[in-house]
Student: 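The structure is given below, and queries will be raised subsequently.
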Amino acid sequence: MKFYNLLIDWYLSNQRDLPWRKTKQPYHIWLSEIMLQQTRVAQGLPYYLRFVEEFPSVFDLAEASEEKVLKLWQGLGYYSRARNLHFTAKYVANELNGKFPHTYKELKKLKGVGDYTASAIASICFNEPVAVVDGNVYRVLSRVFGVDTPINSTEGIKEFKNLAEEKLDKENASVYNQAIMEFGALHCKPKNPYCITCPFQAECVAFQQGKIEELPIKLKKTKVKTKHFNYLVVVSEGKTVIQQRRGNGIWKNLYQFPLIETEKEVSKTQFLKEENFLQLLSVPAEKVNLFNKKPIKHVLSHRKLMVKFWVMDLPEISSAFKTKEFEVIQQENIRLYPVPVLIEKFIEQFYFNK
DNA sequence: AAAACGGGGTA
DNA sequence: TACCCAGTTTT
């Protein structure tokens, strides 16, 4: 029995019932694939359902504002996915008459669609014989065939792509690709895989050599850097002040309270005296209160943020906030804006003294 | 070639 | 903690 036959047999009796498996419409497959990049099915599923409900077609998504798309994406992370999703929706709707490309080569030209996603859409929707290589595929192939090349090295990426193409069932790329990913997700798991009941036990190099725990091999990732954020939460006549994050850093185009970044954690005295922007405001010290005594630790894949929220009770909005950088809004309207989870959690706890 | 880019689940 | 998740883009 060939590798792909065993795999597909396993899949046909073990696959999960997922909404995007009930369709082959490129719009839905594309949407699900973008959402599931570096994201577990369990986490992405509710977002997928809300998006399909809110945007039944690519035209609906194209017509929405980016702010609305980001708001619906809030909490899913990697927000460039949402921005690229919206950009591509507009492109497909307006330039391609709502029709997605039908080939790997053309799909890969879409913003936010890389090698994996182009392969996934081309194979799942059109049965094009191109192999997907995601985290699951790296794990299954490295173990079964005993490949110890680091999966995140240039060499490894090429080698695994070639191996994946070699093992692909070219007549049934759609089912095969989903099968190998599903097998990696449910059976050949990172920790405690079900080797005892594995259909590949006899031929699995890693199992036979006792290397299940070691494979796949991955080069160590970069150090997490610590940053110190100080947010100014203005409270004034039922209003507050927010700003949209610009540039290419984290949370681009999402909203937050006015931010002052410091080299290290600062006390109230240090905060009020040493920061230029605050001096500009000239707020009396008694009007400033620290919301959280200990900094809130917010950990991202490559950053550790230590965050303090400074609440400023003002009789009126300072003129320093009346620039293009800031927006003065009614407090109750803050829930309409897309914000990082960190900010959302704060808003839930803080009732703006009502 | 390496770093940037989120948030949550698992052991 | 440390690692991982249906990866892509930028530096």
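In what follows, chains carry the letters A, B, and so on, assigned in the order in which the sequence lines appear, proteins first and then strands, with residues in each chain numbered from 1.
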Student: Phosphate oxygens OP1/OP2 of B:dC5: is one of them under 4.0 Å from a side-chain N or O of A:H302?
Tutor: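 Yes, such a contact exists.
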Student: Is the phosphate of C:dA6, meaning OP1 or OP2, less than 4.0 Å from a side-chain N or O of A:S32?
Tutor: no
Student: By nearest nucleotide on DNA chain B, pick out whichever of A:S80 and A:K220 is the more 5' one.
Tutor: A:K220
Student: Counting only non-hydrogen atoms, which of residues 68-79 of chain A are less than 4.0 Å from DNA chain B?
Tutor: A:G75, A:L76, A:G77, A:Y78, A:Y79
Student: Tell me which nucleotide among C:dA6, C:dC5, B:dC5 gets nearest to the side chain of A:Q38.
Tutor: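 Among the listed nucleotides, the one closest to the side chain of A:Q38 is C:dC5.
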Student: Hey, does the side chain of A:W251 come within less than 4.0 Å of B:dA4's phosphate (OP1/OP2), counting only N and O?
Tutor: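 No, no such contact exists.
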Student: Using OP1 and OP2 only, check whether a side-chain N or O of A:Q37 sits under 4.0 Å from C:dG7.
Tutor: no
Student: From C-beta outward on A:R303, which listed nucleotide comes closest to its side chain: C:dA6, B:dC5, C:dT9?
Tutor: B:dC5
Student: Tell me whether the OP1 or OP2 atom of C:dT10 has a side-chain N or O from A:N248 closer than 4.0 Å.
Tutor: no
Student: As a test of reading the structure: which of C:dC4, B:dG8, C:dG7 is closest to the side chain of A:K218, going by heavy atoms?
Tutor: C:dC4
Student: Hey, can you tell me if A:F3 and A:F200 have their rings parallel, tilted or perpendicular (30° and 60° cut-offs)?
Tutor: tilted
Student: Verify the contact: side-chain N or O of A:R40 to OP1 or OP2 of C:dA6, cut-off strictly under 4.0 Å; return yes or no.
Tutor: no
Student: Report yes if a donor N or O on one partner sits less than 3.5 Å from an acceptor N or O on the other, where the partners are the side chain of A:R81 and the base of B:dA4; otherwise report no.
Tutor: no
Student: For DNA chain B, whose closest nucleotide is more 5', that of A:K225 or that of A:L342?
Tutor: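 Residue closer to the 5' terminus by nearest nucleotide: A:K225.
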Student: Measure from NZ or CZ of A:R81 to the centre of the six-membered ring of A:Y78 and say whether it is under 6.0 Å with the direction within 45° of the ring axis.
Tutor: no
Student: Check this for me: does the side-chain of A:T117 come within 3.5 Å of the base of C:dG7 through a donor and an acceptor?
Tutor: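 A donor-acceptor contact between them is absent.
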Student: Looking at A:R139, I'd like to know whether one of its side-chain N or O atoms comes within less than 4.0 Å of OP1 or OP2 on C:dC5.
Tutor: yes
Student: Taking only Lys NZ, Arg NE, NH1 and NH2, and the carboxylate oxygens of Asp or Glu, determine whether A:D115 and A:K161 approach each other closer than 4.0 Å.
Tutor: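 Salt bridge: yes.
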Student: Parallel, tilted or perpendicular, judged at 30° and 60°: which one describes the rings of A:F229 and A:Y231?
Tutor: perpendicular
Student: Looking only at atom P, what distance separates B:dG9 and C:dT8, rounded to whole Å?
Tutor: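 Between the two P atoms, the distance is 24 Å.
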Student: With rounding to whole Å, what would you report as the distance between C:dA6 and B:dA3 at their P atoms?
Tutor: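 Going atom to atom, P in each nucleotide, I get 25 Å.
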Student: Could you go step by step and tell me if A:R21 and A:E182 meet the salt bridge (Lys or Arg N to Asp or Glu O under 4.0 Å) rule?
Tutor: CA-CA 12 Å; A:R21 294 209 170 125; A:E182 190 78 335; 3.1 Å; yes
Student: Report yes if the side chains of A:K225 and A:K304 come closer than 4.5 Å at any heavy-atom pair, otherwise no.
Tutor: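 No - every pair of side-chain heavy atoms lies 4.5 Å or more apart.
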Student: Of the nucleotides B:dG7, C:dC4, C:dT9, which one has an atom closest to the side chain of A:P190?
Tutor: C:dC4
Student: Salt bridge (charged side-chain N to carboxylate O under 4.0 Å, His left out): which pairs involve residues 56-80 of chain A, sequence neighbours left out?
Tutor: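 Qualifying pairs: A:E54-A:K68.
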Student: Quiz question: going by heavy-atom distance under 3.5 Å, is there a donor-acceptor pair between the base of B:dG6 and the side chain of A:T39?
Tutor: yes
